[in-house]
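All remarks here apply to the structure that follows.
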Amino acid sequence: MGNQGPAAAISVCSREAALIAQKISADHGLRIGRTAIRLRNPQNAPPEWVRPLLDTAPTEAQFVSVADNTLGALLPIRLQQKCLACHGPTDSLRDDVREQLSAFYPDDAATGYAEGDVRGWFWVESPLEQSDPGQQN
Ligand code: HEC
């Protein structure tokens, strides 16, 4: 967050998370994203295959077949103490953080959490290696 505090980190955080996701995806041929049940950014809504998995708000990693030759993984993200500056109870947030959040995210549902809560999930779609018929006996 640097020395400008959490309010300044809000815009950086959202831009950097997206850039990191793009870079990893490009390097490894994966599709990845972050999602949650109580969203801050509506653009983080879950892809189709993730939706039914969220019904039980899983606290353990889930692995499913997304389509032929595509594996899907859903990995819970737990909140640490440092996350509460922007995801803790609304009345515990700094005034400038609260103002920034309501300016950038008018429909923010991602406050009111405690340390250790599952805040959301990373989802990953990974192509499986095509089995090579030439390798079979
Ligand atoms: C400086 C404020 C700030 C801090 C600290 C912070 N977040 Fe966030 N968080 C945000 C913002 C802003 C977004 C929306 C980002 C976007 O536009 O994708 C967000 C989005 C998310 C999302 C994506 C789902 C959604 O609701 O859009 C998850 C998951 C998440 N944060 C988890 C965490 C965790 C875990 C930590 C601590 C390691 C943390 N955050 C710390 C501000 C913060």
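Just so you know, ligand 1 is whichever comes first in the structure, and atom 1 is the first atom listed for that ligand. Fair warning: this is a prediction, and the values are worked out from it, not measured in the lab.
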Inset, instruction - May I ask whether Pro6 has any heavy atom positioned less than 4.0 angstrom from an atom of ligand 1? - result: yes

Legend entry - Side chain proximity check, Leu84 to Leu79, heavy atoms < 4.5 angstrom: yes

Inset, instruction - Could you see which bit of Arg40 sits under 4.0 Å from ligand 1, with heavy atoms only: side chain, backbone, both or neither? - result: both

Legend entry - contact_flag Tyr105 ligand 1 heavy-atom lt 4.0 Å: yes

Inset, instruction - Kindly indicate whether the side chain of Arg78, heavy atoms from C-beta on, has any atom under 4.5 Å from the side chain of Val118. - result: yes

Inset, instruction - Look at His87 and state whether any of its N, O or S atoms is less than 2.8 Å from atom 8 (Fe) of ligand 1. - result: yes

Name every donor-acceptor pair, under 3.5 Å, that has one atom in a side chain of residues 86-100 and the other anywhere in the protein, sequence neighbours excluded.
unit_1 : atom_1 : unit_2 : atom_2 : d
His87  : ND1    : Arg40  : NH1    : 3.4
His87  : ND1    : Ala110 : O      : 2.9
His87  : ND1    : Arg119 : NE     : 3.2
Ser92  : OG     : Pro89  : O      : 2.6
Arg94  : NE     : Asp96  : OD1    : 3.1
Arg94  : NH2    : Asp96  : OD2    : 2.8
Asp95  : OD1    : Arg98  : NH2    : 2.5
Arg98  : NH1    : Thr90  : O      : 2.8
Arg98  : NH1    : Leu93  : O      : 3.4

Inset, instruction - Look at ligand 1 and say whether Gln43 reaches it with a heavy atom at a distance under 4.0 Å. - result: no

Legend entry - Close side-chain approach of Trp121 and Leu75, heavy atoms under 4.5 Å: no

Legend entry - Under-4.0 Å heavy-atom contact with ligand 1, by part of Cys83 that carries it: both

Inset, instruction - For Ile77, take its heavy atoms, then give the atoms of ligand 1 lying under 4.0 Å from any of them. - result: 29 (C), 35 (C)

Mind listing the side-chain donor-acceptor pairs of residues 44-62 below 3.5 Å, one per line with the distance, residues two or more places apart or on another chain?
unit_1 : atom_1 : unit_2 : atom_2 : d
Trp49  : NE1    : Glu125 : OE2    : 2.8
Arg51  : NH2    : Pro46  : O      : 3.3
Gln62  : NE2    : Glu60  : O      : 3.2

Legend entry - Side chains of Phe122 and Ile77 in contact at under 4.5 Å (non-hydrogen atoms): yes

